[in-house]
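Please read the structure below before turning to the comments.
Values below: every heavy atom of this structure, side chains too, minus hydrogens, waters and symmetry copies. Since the structure is predicted, the reported quantities are computational estimates derived from the model, not experimental observations. Along the sequence shown, residues are numbered consecutively beginning with 1.
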Amino acid sequence: MWWTILRGNCRVVRSQRLAVHQSPCNRSPSRSVSQNPLSENNRALSSSSAVSSFCLLKSSKSVVTPPTRTLSGFSCCSSPLSSSQNTMEYPSFRRDAAVVDDLHGKQIADPYRWLENPDSEESKDFVEKQNLITNKYLHAYPHYDALKNLVTKLHDYPRYGSPDLEGDYVYYMFNSGLQNHAVIYRQKSIYDTANEVFFDPNTLSEDGTTSLSATSWSEDGKLMAYSISVGGSDWRIVKVRDAASKEDLVDHLERVKFSCLSWTHDNKGFFYNMYPEVTTNQAIGTSTGSDYNQKLYYHHLGTPQSEDVMCAEFPENPSWKGSVSVSDDGHYAIMGISRSCESKNALWFCDLRKVNGNIRGKTFSPHARKWNGQPFLLFLGILPWVRLFEDFDAEYDVITNEGSLFYIKTNLDAKNHRIIVVDVENPDKANWKVLIPENPKYYLEWATCAAHDKLVLHYIEDVKSAMYVHDLSSGKRLHTFDLGCSAVMQVSRKKKLSQFFYKLQSFTNPGTVYICDLAKPTLEPIVSCEYMPSLYSLTNTE
């Protein structure tokens, strides 16, 4: 299992590559991950170099406030319209005075509730007229074209993520500059100079509104489960692509939303989340209501979705969402359960060895509320779940495991987070071990395991990244990464491999990707992908 960690809205998620967990609150209760590019270079790579050099650029923002300053020779503060043109005829729209809610004894009018139906002709007319007056105003600006060309130029640079080693290939994402979506490339090794396109999301739709949302690789690296979003919808369609042929298999899953994608290590299938009571027509992206009764399913490759196995549901708590990841050793399914946007979750686990890999049982009917004529039972599922933490009193994130010992990052009794070790065969609090105590000053944002027995910890220290390597068994700090004032934007690793990739970015560096071997006694990061200033210039900004 690879880790990808993306910083944005204070978000850290864990999963099988690209991002396997969606959350309506940008949180992931347990070992789920968020969206992320894989990376490597599709330019010619130097085979004589210890690690191939790439080019990675990230645009920066230039804020111009004083009215005397100009950007590339034109005023940034001149009015788009002259004083005679400055009168805007705003279109009138219907106010529905009949829509009034009684909230705690107060009468609250909501005259524009009709806009909550985006498919109505009235709503479409509203959007069209809004666009007309906005475009009229913007295009009247005398330097509109010059400003547009400059912004376009500043965004036109090649972008790479960090590499992923899956099966016989190295996979990476690359955007040439102005592509709607980054393309997944692959090559035989980091040192290879030949590459090929493995998956191009730009071909999914002519207008570019269908996007790749998440990917998850099977343990043997031969199959990639992936989800796509149509028109920016939170609803997903899940498919499976064969690495050898680069063709999709017959598997096709719908009604998927805020879902994990986590393979069992026998490569037979994966866990995902679905709303079986939602019809396909409802799950096309226009629904504006809340989503309830999410369920956890297991999909066996080559079988129709109607035969998928329900593994967990919460009929008495319809707002709960359970996201599963399979442990690094493949023995456990670990489910983090969220009930809201708060940073607290329940944590359950299942020893997959107890079912001998045979995850089969009752299947769902999208119209039925009973299984085999029997009503739903609370938390009924085919898997024997053990409730490790069920009080929603803190955040619990399983980093890795060594047998029955679970290494967990938590803010229980530690607002800045700490790492504890819990033996799930003897989980009483009195038996917990504190491996990494809470830092009273700095916040532990995330932690991951690499090179078999190393923990990599990321803290926020004085509003910047700080990253360290610790021994998994003792907790002893072994190395400190030299990050300067950069932020860690992305991390790639596998517990069973010693290679560790991370991408840094700062106000003056659009992006540099490093690789280091955590099995070595000394920490020696090597540049794997470097920013090239000659391709990007911020001159003439005043």
Side-chain angles (χ1 to χ4, degrees), residues 2 4 6 8 15-20 22 33-45 54-59 148-149 151-164 166 169-187 192-217 223-249 251-254 256-257 259 261 283-285 489-490 492 503 510-511 513 529 535-536:
W2 276 92
T4 298
L6 300 179
S15 88
Q16 313 261 91
R17 207 23 121 173
L18 251 210
V20 302
Q22 313 166 59
V33 182
S34 115
Q35 292 184 347
N36 167 45
L38 321 125
S39 158
E40 208 162 308
N41 192 3
N42 74 330
R43 298 176 176 243
L45 306 182
F54 300 48
C55 167
L56 176 62
L57 301 179
K58 183 76 174 177
S59 64
K148 178 183 177 181
N149 291 337
V151 172
T152 300
K153 179 181 178 181
L154 293 177
H155 282 81
D156 189 6
Y157 57 87
R159 295 183 287 277
Y160 303 82
S162 60
D164 259 350
E166 300 291 351
Y169 291 92
V170 176
Y171 292 85
Y172 60 94
M173 271 194 162
F174 170 73
N175 189 312
S176 61
L178 297 178
Q179 291 177 286
N180 287 322
H181 309 287
V183 178
I184 299 180
Y185 286 82
R186 70 179 182 183
Q187 55 197 50
D192 201 353
T193 58
N195 57 57
E196 63 179 1
V197 173
F198 176 69
F199 186 91
D200 186 358
N202 297 288
T203 63
L204 296 176
S205 61
E206 292 184 0
D207 60 1
T209 59
T210 300
S211 62
L212 176 66
S213 302
T215 65
S216 177
W217 284 90
L223 298 170
M224 183 187 78
Y226 69 95
S227 63
I228 59 174
S229 168
V230 179
S233 170
D234 285 334
W235 292 100
R236 303 291 192 255
I237 297 172
V238 177
K239 300 182 179 183
V240 179
R241 176 155 295 200
D242 176 58
S245 66
K246 298 191 293 184
E247 298 291 336
D248 287 343
L249 305 182
D251 307 80
H252 183 96
L253 311 180
E254 298 181 344
V256 178
K257 190 175 185 181
S259 178
L261 283 178
I284 59 174
M489 303 300 295
Q490 182 179 343
S492 299
K503 183 173 79 173
V513 177
C529 169
L535 297 180
Y536 192 83

So do the side chains of [X] and [Y] get within less than 4.5 Å of each other, counting heavy atoms only?
{"X": "D242", "Y": "E247", "value": "no"}
{"X": "R241", "Y": "I184", "value": "no"}
{"X": "Y160", "Y": "K503", "value": "no"}
{"X": "S211", "Y": "S229", "value": "yes"}
{"X": "V256", "Y": "L261", "value": "no"}
{"X": "N195", "Y": "Y172", "value": "yes"}

Between [atom1] on residue [X] and [atom2] on residue [Y], distance to nearest 0.5 Å:
{"X": "S259", "Y": "D234", "atom1": "OG", "atom2": "CG", "answer": "12.0 Å"}
{"X": "I237", "Y": "I228", "atom1": "CD1", "atom2": "CD1", "answer": "4.5 Å"}
{"X": "T193", "Y": "Q187", "atom1": "OG1", "atom2": "CD", "answer": "8.0 Å"}
{"X": "K257", "Y": "R236", "atom1": "NZ", "atom2": "CZ", "answer": "9.5 Å"}
{"X": "L212", "Y": "M173", "atom1": "CG", "atom2": "CE", "answer": "4.5 Å"}

To check you understand the geometry: which heavy-atom pair defines the closest contact between [X] and [Y], and what is its length?
{"X": "R159", "Y": "G177", "result": "NH2-O, 2.8 Å"}
{"X": "L223", "Y": "W217", "result": "O-CE3, 3.3 Å"}
{"X": "S162", "Y": "Q490", "result": "OG-NE2, 2.9 Å"}

Stacked cation flag R186 on F198, 6.0 angstrom / 45 deg: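 No, R186 and F198 do not form such a contact.
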Listed partners of K246 passing salt bridge (Lys or Arg N to Asp or Glu O under 4.0 Å), at least two apart: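 Listed in chain order: E196.
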Exam field: side chain S205 to backbone T210, donor-acceptor pair closer than 3.5 Å: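 Present.
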H155 (side chain) donor-acceptor with L178 (main chain) under 3.5 angstrom: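 No, the answer is negative, given that no donor and acceptor are paired below the 3.5 Å cut-off.
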Side-chain donor-acceptor pair present, Y169, D192, cut-off under 3.5 Å: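 No - no donor-acceptor pair under 3.5 Å links their side chains.
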Between D200 and T203: side-chain donor-acceptor atoms closer than 3.5 Å: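 Their side chains do not contain a donor-acceptor pair, so the 3.5 Å distance test is not met.
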Given D248, L253, D251, the one that forms side-chain contact (heavy atoms from CB on, under 4.5 Å) with V240: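 Exactly one option meets the side-chain contact (heavy atoms from CB on, under 4.5 Å) with V240, and it is D251.
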